[in-house]
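Input: a single structure, listed below in structure tokens.
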2 protein chains.
Amino acid sequence: MSEAGQQSISSQDLADFLGANPPQIRKDFSYFGDFGTPGVGYKVENLAKQIKKILKLDVVHKAALVGVGNLGSVVMAYQGFRIYGFDIAAAFDIDSKKIGKKVNTITIENASNIRTLKKRKIDIGIITVPRGAAQETAEALVKAGTKGILNFSPCYIIVPKKIKVITVDIAMDLARLPYYMPAS
Amino acid sequence: MSEAGQQSISSQDLADFLGANPPQIRKDFSYFGDFGTPGVGYKVENLAKQIKKILKLDVVHKAALVGVGNLGSVVMAYQGFRIYGFDIAAAFDIDSKKIGKKVNTITIENASNIRTLKKRKIDIGIITVPRGAAQETAEALVKAGTKGILNFSPCYIIVPKKIKVITVDIAMDLARLPYYMPAS
DNA sequence: CTATGTGAATTTATTCACAGCA
DNA sequence: TGCTGTGAATAAATTCACATAG
């Protein structure tokens, strides 16, 4: 909406857009402050800024990707991370045929270099390795000072409690559909 | 656990595994029936079967993928859908250079063939086209009788209310991390 | 003895209704 | 007049404690 030049939006319109209801929108925002203008609505630009601040997206985060296979390449090529302030600043693999090659201005490094992440101010890890290597990859990332992990391997990963892991399992996402689909 | 030969599991162990607590596990299951055995726990095999039934995953669902680009190819190659009873039975693209080629025993068809889905008993659509083509793709899928859509395009899609859409936006998943990460 | 299933108590979330501001 | 912000009312979810079944 900001890009489209829209100045402000009401809780009603936001609710329609998100499939919620107006009081819910207003109540939720009110927990974090008074973002709106009575009689007008919420200023799009300001609202986006406030939400980014709440979600700690107001600073740039550097991320490292481990496992430059098919999925890893797709993730690296994806530009959508930018608007949330993410910068994939490093990529690792164990395949010597890949190490040294460039993907998108990033040179693929040997996975043993993961230990240099802390020095390089990289605090987010993206795991796109085969399932069997996910746990050891996570451990290497944690050892290197990673504070958050986005895991694309379809398995649970065990890390110290203070490390946040978000696992994206597209099969599970697909598996949510049938429940809502009327019997054929 | 079933594959590992584990016979049964307690609500305590399930809670530890999922990051929940035992009464929550038991209460949730109890809404759907008495799956457990007092003094023993839940039989793994039976529990999986019951959950699949609740989530309507007890029948095979055929899915069609639209947009065989980088991401589409990764999704098609992914074997993880199988355990939830999904079968990617068709793939479509508009690029004549791709049409006719085979990916994984599936021959890529012209997107205009989407209209044949109903006849072919395919009721789930997977959208992996560029953002600009997502809405029209969704409309073609709905027109062809699709009941559920898994959308990988980073945009909201407007469809009739009876159609369930699940949008997977990996940037949004990544964006959830910083909130949980301690300030550096 | 062990671990489930479940009413009751508690906590949390949502909805409502409306005072008040632009 | 239009829409926010918010206490109060309602609804929902979670936790607890324990009777009960294997």
Side-chain angles (χ1 to χ4, degrees), chain A residues 1-56 58 156 161 164-167 172-173 175-176 179-180, chain B residues 1-58 156 161 164-167 172-173 175-177 179-180:
Chain A
M1 288 167 181
S2 178
E3 281 167 20
Q6 192 172 333
Q7 292 290 316
S8 61
I9 186 166
S10 65
S11 59
Q12 176 72 66
D13 289 350
L14 268 172
D16 290 345
F17 189 73
L18 296 170
N21 54 355
Q24 183 74 79
I25 301 283
R26 298 201 300 276
K27 178 66 89 173
D28 283 3
F29 287 163
S30 79
Y31 287 121
F32 297 98
D34 296 3
F35 303 153
T37 312
V40 179
Y42 300 88
K43 284 172 76 179
V44 172
E45 201 79 45
N46 178 251
L47 186 57
K49 206 177 82 182
Q50 294 296 337
I51 293 175
K52 278 182 183 159
K53 198 171 165 186
I54 295 165
L55 299 177
K56 305 265 188 66
D58 53 347
Y156 283 90
K161 245 186 294 187
K164 178 71 177 178
V165 176
I166 288 180
T167 295
M172 277 203 191
D173 290 317
R176 290 170 50 204
Y179 181 80
Y180 299 96
Chain B
M1 287 168 182
S2 179
E3 281 166 20
Q6 192 172 333
Q7 292 290 316
S8 61
I9 186 167
S10 65
S11 58
Q12 175 72 66
D13 289 350
L14 268 172
D16 290 346
F17 189 72
L18 295 170
N21 53 356
Q24 183 72 81
I25 300 283
R26 298 201 301 273
K27 178 66 91 174
D28 283 3
F29 286 163
S30 79
Y31 286 121
F32 297 99
D34 297 2
F35 303 154
T37 312
V40 179
Y42 300 89
K43 284 171 76 178
V44 171
E45 201 79 46
N46 178 251
L47 186 58
K49 207 177 83 185
Q50 295 296 336
I51 293 174
K52 278 182 183 157
K53 197 171 167 187
I54 294 165
L55 300 177
K56 305 265 188 68
L57 296 174
D58 52 347
Y156 283 88
K161 245 188 295 186
K164 177 71 178 179
V165 176
I166 289 181
T167 295
M172 277 204 190
D173 289 317
R176 291 171 50 205
L177 276 179
Y179 180 81
Y180 299 97

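Below, chains carry the letters A, B, ... as their sequence lines are ordered, and counting in each starts from 1.
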Out of curiosity, B:Asp28 CG to B:Leu14 CG, how far, rounded to the nearest 0.5 Å? 11.0 Å

Which residues within residues 32-50 of chain A lie with some heavy atom under 4.0 Å of an atom in DNA chain C? A:Thr37, A:Pro38

How many angstroms lie between CG in B:Leu177 and CG in A:Leu55, if you round to the nearest 0.5 Å? 11.5 Å

Below the 4.0 Å mark, does C:dT4 have OP1 or OP2 next to a side-chain nitrogen or oxygen of B:Ser11? yes

Would you compute the distance between atom CG of A:Asp58 and atom CD of A:Gln50 and round it to the nearest 0.5 angstrom? 10.0 Å

Heavy atoms of B:Asp173 and A:Ile166 approach each other most closely as O-CD1, 3.6 Å

For B:Tyr42 and B:Phe29, take the angle between the two ring planes, folded into 0 to 90°, and tell me which bin it lands in: parallel under 30, tilted 30 to 60, perpendicular over 60. perpendicular

Could you please spell out the steps behind the side chain to side chain contact (heavy atoms under 4.5 Å, CB included) verdict for A:Tyr156 and B:Leu18? CA-CA 9 Å; A:Tyr156 283 90; B:Leu18 295 170; 3.8 Å; yes

Taking atom P of D:dT4 as reference, at what distance in whole Å does atom CZ of A:Phe29 sit? 10 Å

B/S/- contact track for nucleotides 9-19 of chain C, protein heavy atom under 4.0 Å: -----BBBB--

Rounded to the nearest 0.5 angstrom, the CG-OG distance for B:Asp13 and B:Ser8 is 9.0 Å

From A:Asn46 CG over to A:Lys53 NZ, what is the distance, rounded to the nearest 0.5 angstrom? 9.5 Å

Rounding to a whole Å, what distance do you find between A:Ile25:CD1 and D:dT4:P? 10 Å

